[in-house]
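Chain letters run A, B, ... following the sequence lines, proteins first, then strands; residues in each count from 1.
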Amino acid sequence: MAEDIQAKLEKYRTAPFDARFPNQNQTRNCWSNYLDYHRCQKALDAKGVDTAPCDWYKRVYKSLCPISWIQKWDDQREEGTFPGKI
Amino acid sequence: MAHPSQLGFQDAASPVMEELLHFHDHALMIVFLISTLVLYIIVAMVSTKLTNKYILDSQEIEVIWTILPAFILILIALPSLRILYLMDEINDPHLTIKAMGHQWYWSYEYTDYEDLGFDSYMLPTQDLAPGQFRLLEADHRMVIPVESPIRVLVSAEDVLHSWAVPSLGVKMDAVPGRLNQTAFIASRPGVFYGQCSEICGANHSFMPIVVEAVPLQYFEKWSSLMLED
């Protein structure tokens, strides 16, 4: 499992086509992956397990989300005002 | 780029734009043929020596001028739908670039591997070198590898803008808070120009888009150089 993720991450070029978001509006794609990464981190940290599988979501949201959006959300998470449920 | 007194489209730099260009030629030819026919009929009817012209009917001609236009419409619709579906094909991009519109410049982000971001301002006319294009050149171009599928995610940081490059057949609105996806392949190396296509304030006409398509090794060299700066 972990080796598959490693292999996928090594061959990573850019965010692949996601059938959940097939159309022009990719806002939700970026938002979804950002949430998924932080939820994954939180869940695996709580279990005390290696969080390497979460890196896939990180690569995808880094590819898709504008830098300013990521910075804004990171600041909001620190302040405790982040609108998403993590 | 556009040329003075240009009538048609700019030379196509992507496969989709080539298709659009050929389709436009096809549809325009049909339009010219129909217009010529109608003009001929008008002239003929106005200049005829015949006197009994107003109480005429014929089942045969009614059938012809119903079926023929329907057939012509199908002849236009089929290639049109083909291109529409071609543009919607699921593609597998090699690179994702974000184009963010600001008042009044574009910024490009290449974040698949490292965090590379830079602004692209129009070169003021007094700073142009001989041979450069007025109101079209920018200080930093969006460099892409040639013949690779590229995904561009367009958004804006303040007001509406629109990211357009006619020779690539691309135009996508930049909406604050929304991430609009478009994709293309540059089929040949070159420099392709475009302009902001949604009114965005005083300098709307002065925030051009410049895309430079280069072979992959040069793209890699360019991105390492940009990251160092």
Salt bridge A/Lys62-B/Asp115, side-chain N to carboxylate O under 4.0 Å | yes
Sort out for me which residue in B/Val175, B/Leu179, B/Asn180 forms a side-chain contact (heavy atoms from CB on, under 4.5 Å) with A/Thr27.
-> B/Leu179
Find the distance between CE (B/Met100) and CD1 (A/Ile67) and round it off to the nearest 0.5 Å.
-> 9.0 Å
Could you tell me whether B/Glu114 atom CD has more than 12 heavy atoms of other residues or ligands within 6.0 Å of it?
-> no
Does any heavy atom of chain B fall under 4.5 Å from the side chain of A/Asn29, the backbone, both, or neither of them?
-> neither
Side chains of B/Asp112 and A/Thr14: does their closest heavy-atom pair fall under 4.5 Å?
-> yes
Kindly say whether A/Arg13 contributes a backbone atom to a donor-acceptor pair with the side chain of B/Tyr113 at under 3.5 angstrom?
-> yes
Does A/Asn25 offer a backbone N or O that forms a donor-acceptor pair with the side chain of B/Gln181 under 3.5 Å?
-> no
A/Arg77 CZ: over 12 foreign heavy atoms closer than 6.0 Å = yes
With a 4.5 Å limit on heavy-atom distance, are the side chains of A/Gln26 and B/Arg178 in contact?
-> no
Cut-off 4.5 Å, heavy atoms of chain A, and the answer for B/Ile90 is side chain
Under 4.5 Å from a heavy atom of chain A, the part of B/Ser155 involved | side chain
Tell me, yes or no, whether the heavy-atom count around B/Tyr218 atom OH, taken from other residues, nucleotides or ligands under 6.0 Å, exceeds 12.
-> no
Note: B/Glu157 and A/Ser68 closest approach over all heavy atoms is OE2-OG, 2.7 Å
Go through the atoms of A/Tyr12 and report whether side chain, backbone, both or neither lie under 4.5 Å from a heavy atom of chain B.
-> both
So with a 6.0 Å cut-off around OH of A/Tyr57, is the heavy-atom count from everything else above 12?
-> no
Does a side-chain heavy-atom distance below 4.5 Å link B/Arg151 with A/Leu64?
-> yes
To the nearest 0.5 Å, what is the distance between OG (A/Ser63) and CG (B/Leu95)?
-> 9.0 Å
Determine the option with the most heavy-atom pairs under 4.5 angstrom with chain B, choosing from A/Ala19, A/Ala15, A/Pro16.
-> A/Ala15
